[in-house]
Amino acid sequence: MRFFLDTEFIERGPKYPVTLISIGIVDARGGELYLVSSDFREEDCSDWVKANVLPYLGKSPRLPLSDIAVLVREWVDLQSEGSKPEFWGYYSDYAWVVFAQMFGTMMDLPKGWPMFCLDIKQYADSLGNPKLPEQGKGEHNALADALWNKDAYDFLDKLESTRGGR
Ligand SMILES: [Mg+2]
């Protein structure tokens with residue numbers, strides 16, 4: 001099963017850990033998961049995050065990272081129905097760090113899961129960087145971004161198949 005993920009996170013340079021704020025995951029059938037962390041401090045956020053991310057977190061209850069990790073693992077395994085999950089993000093390098101760190105280290109990722117995330121940006125680049133669908137409302141909300149990731153992937157997949165790429 002293909003999963004599209006997005007995270008919002010705190011990034012403050014090399015002296016501070018990259019810290020998860022929220023995560024959205026959408027599966028290939030459109031199932032949705034959205035969770036907000038209680039393990040970050042708003043005062044640690046940059047002015048940009050305070051202006052562009054925090055106001056759009058929504059009213060979801062905030063959960064400790066360890067609880068988020070359990071819910072993500074259970075949900076992904078349930079949606080996968082025994083198949084190996086495949087994760088896709090958009091400019092996803094930092095998202096993958098905070099994703100893996102929910103579980104501890106990269107080595108602690110759930111058994112059977114890939115230890116890498118595929119990137120829609122690389123997929124687009126390989127197809128000559130076509131103009132991707134507009135996102136519209138909700139940019140920088142992790143669930144809205146994850147939903148857009150699925151749209152962008154579906155667009156590229158269709159484009160590749162009409163070009164006879166596979
Ligand atoms: Mg985002």
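Only heavy atoms go into these numbers, but all of them, side chains included; no hydrogens, no water, no symmetry mates. Atoms within a ligand are numbered from 1 in the order they appear, just like the ligands themselves. This is a predicted model, so every value here is computed, not measured.
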Could you check whether E8 and Y56, counting side-chain N and O atoms only, form a donor-acceptor pair closer than 3.5 Å? no
Got S92 and F99 here, is their nearest side-chain heavy-atom distance under 4.5 Å? no
Side-chain contact test, heavy atoms from C-beta onward, threshold under 4.5 Å: evaluate it for N129 versus K121 and give yes or no. yes
How close do L109 and M115 get, heavy atom to heavy atom, and via which atoms? CD1-CA, 3.9 Å
Sort by chain and number the protein N/O/S atoms that are closer than 2.8 Å to the Mg ion (ligand 1), and list them.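 Hits for the Mg ion (ligand 1) below 2.8 Å: D6 OD2, E8 OE2, D145 OD2.
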Look at the aromatic rings of F87 and W113 and report parallel, tilted or perpendicular, splitting at 30° and 60°. tilted
Only counting residues at least two apart or in another chain, list the ones meeting salt bridge (Lys or Arg N to Asp or Glu O under 4.0 Å) with D44.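 So D44 forms a salt bridge (Lys or Arg N to Asp or Glu O under 4.0 Å) with R12, R41.
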